[in-house]
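Okay, structure first, notes after.
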Amino acid sequence: MNEKNLNRLMNFTVIFFIFAVMFSLNYLMPLHRDDYDYSMIWKTGEHINSFADVFDSTWRHYFLHGGRFFSVFCLNLFLWLGKIPFDIANAALFVALAVLIYFHARRKLKIDGEFGILATTGILAWLSFPHFGEVAVWKSGSTVYLWSAVPAAIFLLPYNLELARTWKFSQGKIFAVAMFFLGIIAGCSVENLGVTVTILTAAISFYSYRKRSIKFWMPAGAFGSLIGLIILLAAPGNFVRYDVQGSGKGIFSHIGNQFAGNGEMILYLLPAILILVCAFSLLKISAARKRKITFAVTEFIFPRSSIIFLAVAIIFSISYFNDSFITSAIKNFFINSIFPNFEVSTKFLERFDNFMMKSEEMIIYLLIIFAIYLPLRNSLGLVGTAQKRFSLNVNFSDVTNLFPQIRYSLFLFALAIFNNFVMIFAPTFPARATFSSVAMILVGTIAILRLPIIRKKLSEGSPGVILKFGALLLGSFTIISALTITYELRQENDLRIAEIEKAVEENREVIKFPPIELKNRALRHVFFVDFDNGVTKDGLREFYGLKDIEVEK
């Protein structure tokens, strides 16, 4: 097999693996929470049974709840078509997003010869999107964030490639009309992404006009995006929802939301950030050598701390897959030894238990990350006092002058910050709303990792072995955890749904369940809450015509 065909086979293997993982997760994930509400014509209690019902429900939702017209239409449509078509489409769209991130980073419509970079894009996308289960697997969440990001990324691609002068697009009216309607979909995505896309395309159009290189499709797309944004923001349902969610919240609450949302985003981006730290240090070394500044690379010594981190991570992993006995012991110690003379509410115990479960997942994750990062840094010689003195002699401008390509990445990082800042006007800013910002940061990250000097240094020798081992370790732990947990939750959910359907046949109006004991969520790659949650309970109750669903405490 020649090299070209081998590269094609490897690219296909990477894409197929990403799709297989995502389809498996989607297939195992049951309908959940808002999925039941959106399976009915909005706020009528009637099931969606036709294409006309899809439009009717979307229209009612626009006036009663929010302006995300395209996302809600897709959600209603695929919930009507059935779970399997939805599972296939959802997995395919995640693959599409990974490929689009790669295209934007490469600034070319080519995928050949870089299967390692494509695989890196896939693993970083898997690890970096906050609350992954909510935004890329759960149906109601994925149609809001994933299904909005993909058409927006497609819409922005011609602008990106035109600026990079790597593709010639048609100047005909048909392409302009297509960009106009695609712009409407991109502008009518989610609030922060819609604003960012509209401003960005308008700015690119104006810049091209000043450079006398503007194409008719550019302002057409920007105008379509503006119309989509107006449709999104002017929805009567937005004001209904804001009255509920924004009541009593002042400016300090909005500022606090920024710290919380951005902080959680950074935590999930930690692998990408640490790789960028190493990459930038390598670029500084190259810039220094250009200025005849020598840098003595220290001998590689595998850090003992990494062995300790991995050993502790293994112990916690054993606990994690065996009822989390470590966190349970810590929890019992606090309850029995620290709070024995205090009355502890059931709600407090639930929150404390939930916190301990999430802590165990995050401890394993952080231990593995730093167990990889420390030997990677050592293998690149980026340690010691000599390296610190060397860093002081190389300016940031030295690096950008030698590698002007990274200015594109820096622009994307700044754009991501702006995209998050737009959410200051929203009543809430959950970490999942950083989805599009993370995609921008990943584009910038992959663009830097594609630089020949970075690819060579990070793919060969000890650094290459360490990074491949680390990707395998992090990927295996999170993928196996997510699939195992989702499988167990699916089994529990299927038993409950069977019991609900039996109760409906027997004309029972109230049904009770024991609580679901499994609380592990694999770094939020699994999203599932018990049936006593108000959203889940109300949707299920209305969908099946029950009076009440209770979870015994």
Side-chain angles (χ1 to χ4, degrees), residues 11-30 32 35 70-71 74-75 77-79 81 83-105 111 115 117-157 185-186 189-190 193 265 268-269 271-272 431-443 445-446 471 474-475 478-483 485-486 521-528:
N11 282 326
F12 174 79
T13 302
V14 170
I15 290 172
F16 177 79
F17 179 77
I18 296 172
F19 177 83
V21 171
M22 291 304 299
F23 175 74
S24 299
L25 265 182
N26 278 275
Y27 177 76
L28 292 173
M29 175 71 182
H32 181 48
D35 296 343
F70 176 74
S71 298
C74 291
L75 177 59
L77 175 64
F78 275 88
L79 284 172
L81 291 175
K83 187 176 182 303
I84 296 297
F86 205 137
D87 295 338
I88 295 171
N90 216 29
L93 280 170
F94 185 81
V95 172
L97 181 61
V99 173
L100 285 164
I101 288 173
Y102 171 81
F103 282 157
H104 276 282
I111 201 172
F115 65 85
I117 297 294
L118 183 61
T120 301
T121 304
I123 190 66
L124 286 179
W126 168 263
L127 294 174
S128 299
F129 285 115
H131 297 214
F132 190 93
E134 287 185 65
V135 299
V137 183
W138 174 45
K139 292 170 176 48
S140 293
S142 60
T143 46
V144 171
Y145 298 104
L146 174 61
W147 291 48
S148 293
V150 170
I154 295 172
F155 172 65
L156 290 174
L157 196 57
I185 294 173
S189 51
V190 288
L193 181 58
M265 179 189 76
Y268 281 91
L269 278 167
R432 62 179 180 269
T434 66
F435 186 93
S436 51
S437 295
V438 170
M440 296 172 196
I441 292 171
L442 290 182
V443 172
T445 301
I446 298 302
L474 276 173
T478 49
I479 291 171
I480 292 172
S481 298
L483 289 172
I485 295 166
T486 308
R521 293 296 179 264
L523 287 175
R524 303 292 184 90
H525 282 74
V526 179
F527 175 61
F528 196 89

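Note that the structure is predicted; figures quoted are calculated from it, not measured. Quick note: numbers below take in every heavy atom, side chains included, and nothing from hydrogens, waters or symmetry partners.
Between the CD1 atom of I101 and the CD1 atom of I441 there is a distance of 11.0 Å, given to the nearest 0.5 Å. Between L483 atom CG and T478 atom OG1 the span is 9.5 Å, to the nearest 0.5 Å. If you take CE on M22 and CG on L97, they are separated by 10.0 Å, rounding to the nearest 0.5 Å. Distance OG1/T143 to CG/L93: 10.5 Å, rounded to 0.5 Å. Atom CD1 of I111 is separated from atom CD1 of I117 by 12.0 Å, given to the nearest 0.5 angstrom. The distance from atom OH of Y145 to atom CD of E134, rounded to the nearest 0.5 Å, is 8.0 Å.
Between F132 and F129, the ring-plane angle classifies as tilted under the 30° and 60° cut-offs.
At a threshold of 4.5 Å between non-hydrogen side-chain atoms, the residues T486 and V137 do not count as touching. With contacts defined as side-chain heavy-atom distances shorter than 4.5 Å, the pair V443/L100 does not qualify.
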Let me see the working for L81 and F86 under side-chain contact (heavy atoms from CB on, under 4.5 Å), right down to the final yes or no.
CA-CA 8 Å; L81 291 175; F86 205 137; over 6 Å; no

Begin with the C-alpha distance, continue with both residues' side-chain angles, and end with the deciding distance and a verdict on side-chain contact (heavy atoms from CB on, under 4.5 Å) for V438 and Y268.
CA-CA 9 Å; V438 170; Y268 281 91; over 6 Å; no

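Every residue meeting the side-chain hydrogen bond (donor to acceptor under 3.5 Å, both in side chains) condition with N26, not counting sequence neighbours, appears here in chain and number order: N90. Checked against side chain to side chain contact (heavy atoms under 4.5 Å, CB included), F23 has the following partners two or more places apart in sequence or in another chain: F19, Y27, D87, I88, A91. Residues forming a side-chain hydrogen bond (donor to acceptor under 3.5 Å, both in side chains) with T445 (at least two apart in sequence, or on another chain): none. Evaluation of the side-chain hydrogen bond (donor to acceptor under 3.5 Å, both in side chains) rule for S24 yields no partner, not counting sequence neighbours. Qualifying side-chain hydrogen bond (donor to acceptor under 3.5 Å, both in side chains) partners for S128, counting only residues two or more places apart in sequence or in other chains: none. Qualifying side chain to side chain contact (heavy atoms under 4.5 Å, CB included) partners for S189, counting only residues two or more places apart in sequence or in other chains: S148, L193.
When all heavy atoms of I18 and G122 are compared, the closest pair comes out as CD1-CA, 4.0 Å. Heavy atoms only, all atoms of each residue included: A153 and H104 are closest at O-NE2, 2.9 Å. Annotation for K83 and P30: closest pair CE-CA, 4.1 Å, computed over non-hydrogen atoms. Closest non-hydrogen pair, I185 versus P151, comes out as CG2-CB, 3.8 Å. When all heavy atoms are compared, the tightest approach of A186 to F155 is CB-CD2, 3.7 Å. Nearest heavy atoms, S140 versus L75: OG-CD2, 3.7 Å.
Taking the six-membered ring for Trp and the full ring otherwise, W126 and F17 have centroids separated by 6.0 Å or more.
Judged purely by atom type and a 3.5 angstrom limit, H32 has no side-chain atom pairing as donor or acceptor with the backbone of W138.
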